[in-house]
2 protein chains.
Amino acid sequence: MKFDVALGTSVVVMAFDGERLVALIGEKSQEPYKGAPMLPSNWVSAGVSVEEVAKRMMNRILGVEKIYLEQLNAFAKVYRNPMGRVVNIAYFALLNWDVVKEVKTPGYKWVSLETSPEMIFDHNEILEMAYERLKRRVKRRPIGFVMLPKQFTFNMIHSLYEQCLRKDLDKRNFRKKFMRSELLIDTEETIFEAPGNKKPSRLYEFNQQKYDKLTLKGYDFKF
Amino acid sequence: MKFDVALGTSVVVMAFDGERLVALIGEKSQEPYKGAPMLPSNWVSAGVSVEEVAKRMMNRILGVEKIYLEQLNAFAKVYRNPMGRVVNIAYFALLNWDVVKEVKTPGYKWVSLETSPEMIFDHNEILEMAYERLKRRVKRRPIGFVMLPKQFTFNMIHSLYEQCLRKDLDKRNFRKKFMRSELLIDTEETIFEAPGNKKPSRLYEFNQQKYDKLTLKGYDFKF
DNA sequence: TCAAAAGTGTTATCGCTACACCCATGG
DNA sequence: CCATGGGTGTAGCGATAACACTTTTGA
């Protein structure tokens, strides 16, 4: 048994800025390719958990403790990193825009998923896989909510779904489908989504307890 | 950058013996835990591809070249292996029973998925994740066919699906649904599935070309 | 002609899709 | 009172699920 492989982790962090899906991009701090765009990444030393490293990194860059984090894939091609055999266990994270929009560490920035730059190594492939994963997840689990504030309008979740699935969704049918699931709580409160709007929008909350209960009984969310 | 992690791979190999789903189990060849049940596994040295190692291992044990292989997950917990930090990139493979039923290397054997033994480290968790993956895959991709002979009867694919999804499926509805997809070719041939059967069964083939063509046009298989 | 497995149709219900107008409000 | 965005209902269609008998063939 030989210990001759380096371990790293990259995290594709996604959020919804109200208009578009955005992803967090950093830049390489050392040669080679110093300054080149890359996903937020870290080495993982032998004694610590990969997930822990990913979480600490998110905390450092965005100042968040709680985070939706899920393993994406291991990227382990022999020649993916010219420095040697580096196995990258990539994660995919979803965060609430209001909480993370200010970046705490210089060098990182949010970019629209559509216009992400070319990155080092196989990081574009990782980003692509993360988007595909999001697309699938959003259809099968009520996961969109982690990208929205605790209370949100129907328009928010509607356009979030349109962005995730990259297609137009009929407003009425969308509402019906979500309402049928009975996973939303009508808070009876309203806000003006944009300044100057004529009519306020109702605010909803996701009913996590109900979802957990239904899931136990074999319910599966389908969108 | 420190190279202080060992890399290994395990493969969950599954097949359908006509009655049940089966998985390939090996045993540990060295202390500690010599003789203990484990998934087929191998070290991966720094210069070779993980997938390549997995394929070579399958070739050695089962004598197969072509194989349906897909990455399952990276298992990388700090304390998963008492010998040190071992990252295990696990794969999941599906094979045609007729081709693989004879095991070429002593120490390996097929066991029913239902009665799989307790294994070393986190190998039971890996097996469990592979089964869950199969369950999902089988619903969204016509993947069951790789576990069947080129020509198969409706009963075969029917009971394969029942085993994968672990529930009874109505014979008529199942047939209708599959037929509607038009992905099966009726070979016009028949066989007696079991010796002594009174009536022969029709043989079908999966129409891979048609599936590929439909997929390009945005068709998605749903079961 | 009988036993055994293969193969076949119909109906009721449900969810999906497509589509257009009214409502509440602030300016 | 009007302009703007928020919010609502219905009808047709296709998919699903439940259900039992007929056909074929070898023995």
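Order of the sequence lines fixes the chain letters, A, B, ..., with proteins taken first and strands second; residue numbering starts at 1 for each chain.
- For A:Arg202 and C:dT25, the CZ to C1' distance is 15 Å, given to the nearest whole Å.
- Aromatic rings of A:Phe178 and A:Tyr161 (six-membered ring for Trp) have centroids within the 6.0 Å cut-off, being under it.
- Set against D:dT25, C:dA18, C:dG27, the side chain of A:Lys176 has C:dA18 as its closest nucleotide.
- Among the nucleotides D:dT4, C:dG7, D:dG5, the one closest to any side-chain atom of A:Asn197 is D:dG5.
- Nearest-nucleotide mapping onto DNA chain D: of A:Thr153 and B:Phe192, the residue sitting toward the 5' end is A:Thr153.
- Per the geometry, CD belonging to A:Glu193 stands 13 Å off C1' belonging to D:dT4, to the nearest Å.
- Counting to the nearest Å, the C1' atom of C:dA6 and the CD1 atom of B:Ile191 are 13 Å from each other.
- As a whole-Å value, the separation of B:Arg180 CZ from D:dT16 C1' is 8 Å.
- Taking only side-chain nitrogens and oxygens, B:Arg172 never comes nearer than 4.0 Å to OP1 or OP2 of C:dT10.
- The distance from atom CE of A:Met179 to atom P of D:dG6 is 15 Å, rounded to the nearest whole Å.
- The nucleotide whose nearest atom lies closest to any side-chain atom of A:Lys177 is, among C:dC16, D:dG7, D:dT25, C:dC16.
- The base of C:dA5 is not paired with the side chain of B:Asn155 by any donor and acceptor separated by under 3.5 Å.
- Distances shorter than 4.0 Å separate none of the side-chain N or O atoms of B:Arg175 from OP1 or OP2 on C:dG9.
- Within the 4.0 angstrom heavy-atom criterion, base atoms lie near B:Asp170.
- Listed candidates were C:dG9, D:dT4, C:dG7. Nearest to the side chain of B:Asn173 is C:dG9.
- A salt bridge links B:Arg166 and B:Glu114; the closest N-O separation between the charged side-chain nitrogens and carboxylate oxygens is under 4.0 Å.
- Of the two residues contacting DNA chain C, namely B:Tyr204 and A:Lys198, the nearest-nucleotide position lying further toward the 5' end is that of B:Tyr204.
- Below 30°, between 30° and 60°, or above 60°: for A:Phe174 and A:Phe154 the angle between ring planes is above 60°, a perpendicular geometry.
- In this model, a side-chain donor or acceptor of B:Lys171 finds a partner on the base of C:dG7 within 3.5 Å.
- Here D:dA15 presents its C1' atom at 12 Å from NZ of A:Lys222, a figure rounded to the nearest Å.
- Regarding B:Leu169, its CG atom lies at a distance of 13 Å from the C1' atom of D:dT16, rounded to whole Å.
- Contact annotation: side chain of A:Lys199 to base of C:dG26, donor-acceptor pair absent below 3.5 Å.
- The CZ atom of A:Phe174 sits 18 Å away from the C1' atom of D:dG9 (whole-angstrom rounding).
- With hydrogens and angles ignored, the 3.5 Å screen pairs a side-chain donor or acceptor of A:Tyr131 with a backbone N or O of A:Cys164.
- Within 6.0 Å of NZ on B:Lys109 lie no more than 12 heavy atoms contributed by other residues, nucleotides or ligands.
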